[in-house]
Amino acid sequence: MSELVIKNLHVNINGKEILKGLNFTLPKGEVHAIMGPNGTGKSTLAYTLMGHPAYEVTEGEVFFNGVNVLELEPNERSILGIFLAFQYPVAIPGVTVANFIRSAVNSRRRAVNSDDKGVPLLEFRKEVKQKMELLKMDPSFAGRYLNDGFSGGEKKRAEILQMAMLKPEIAILDETDSGLDIDALKIVADGVNTLRGPDLGVVIITHYQRILNYIKPDYVHVMMDGKIVESGNSDLALHLEEHGYDWIREKVNGY
Ligand code: ADP
Ligand code: MG
């Protein structure tokens, strides 16, 4: 059964239409890349899926495992198992990576069961340790203040660890493209490759093909002017790397 289904999605920001009838399906456990030139609405799609209030859905539908996502608040979407890795993560001095993740895990548990007392500290520490080993992260990283003075790579590491601990069914990764050096790219790629599987579907949103050298997607989609206009296997990403986006633009415009 299909996991995430987006049909004819139209979204406005400040009264201007950005998404113009987008269709997209992510079957359970698959990894799909959405590529496209800057300003085509890739981040708009990510924020709309998380329920950011500035993004007004004027038409269309989004279903996740048969549930109408558009009727849910952002925290309800996250409880449902949708995870968004932010393009620009915020720093929280005074709050460690571990404590931040623990409070996220606990608020999710409480949302499911209001009597939940939270994950016991020792159990939590054990799981963080396991996940950090799995992801080849230095244990001291969990004790640092979240994103405070983090390099691009460390910010990505914190996101991947959050993802590993929150165990979403779908992770939407909106890349910074220009901001990521090769180390940061590899951290994201290794993390996704380690965690991907039948229980985790991933949408990689990216401007450049680079990251797809490290993560082999099941499908690649090209977004242009608020819509997905072309889909294919991972060869499509290579073709885009070589030929750019103009040939698709021409194809879409019909000349
Ligand atoms: P992408 O991620 O593909 O580069 P975005 O979704 O960030 O594209 O932006 C799509 C379009 O929406 C751009 O033209 C951008 O200027 C516009 N846009 C994005 N955010 C806002 C906003 N908060 N207010 C007004 N326009 C916005
Ligand atoms: Mg963007």
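Each ligand, and each atom within it, is numbered from 1 in the order the structure gives.
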### Query
Just by distance, do the side chain of Asp199 and the backbone of Gly29 share a donor-acceptor pair under 3.5 Å?
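No.
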### Under 3.5 Å donor-acceptor, Thr194 side chain and Asp190 backbone
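Yes, because the side chain of Thr194 sits within donor-acceptor range (under 3.5 Å) of the backbone of Asp190.
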### Query
Does Ser43 bring an N, O or S atom to within less than 2.8 Å of the Mg ion (ligand 2)?
yes
For ligand 1, which atoms, with element, lie under 4.0 Å from some heavy atom of [X]?
X     : result
Thr44 : 5 (P), 6 (O), 9 (O), 10 (C)
Ile18 : 10 (C), 11 (C), 12 (O), 17 (C)
Lys42 : 1 (P), 2 (O), 3 (O), 4 (O), 6 (O), 8 (O)
Asn14 : 24 (N), 25 (C)

### Query
Asp218 and Arg196: salt bridge (Lys or Arg N to Asp or Glu O under 4.0 Å), yes or no, with the steps?
CA-CA 11 Å; Asp218 296 297; Arg196 76 190 280 183; 3.8 Å; yes
#### Entry: ILVMFWY cluster, Leu161 and Ile187 together (side-chain gap under 4.5 Å)
no
### Query
Is Thr40 touching ligand 1 with its side chain, its backbone, both, or neither, if touching means heavy atoms under 4.0 Å apart?
both
### Message
For ligand 1, which is the ligand I care about here, please tell me if Gly39 has any N or O atom under 3.5 Å from one of the ligand's N or O atoms.
### Response
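The answer is yes, given that Gly39 and ligand 1 share an N or O pair closer than 3.5 Å.
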### Query
Does Gly41 come within less than 4.0 angstrom of ligand 1, counting non-hydrogen atoms of the residue?
yes
### Task
Heavy atoms only: give me the nearest Lys155-Asn147 pair and the separation to one decimal.
CG-OD1, 3.4 Å
### Query
Mind checking whether Phe141 and Phe150 have ring centres under 6.0 Å apart?
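Ring centroids of Phe141 and Phe150 are less than 6.0 Å from each other.
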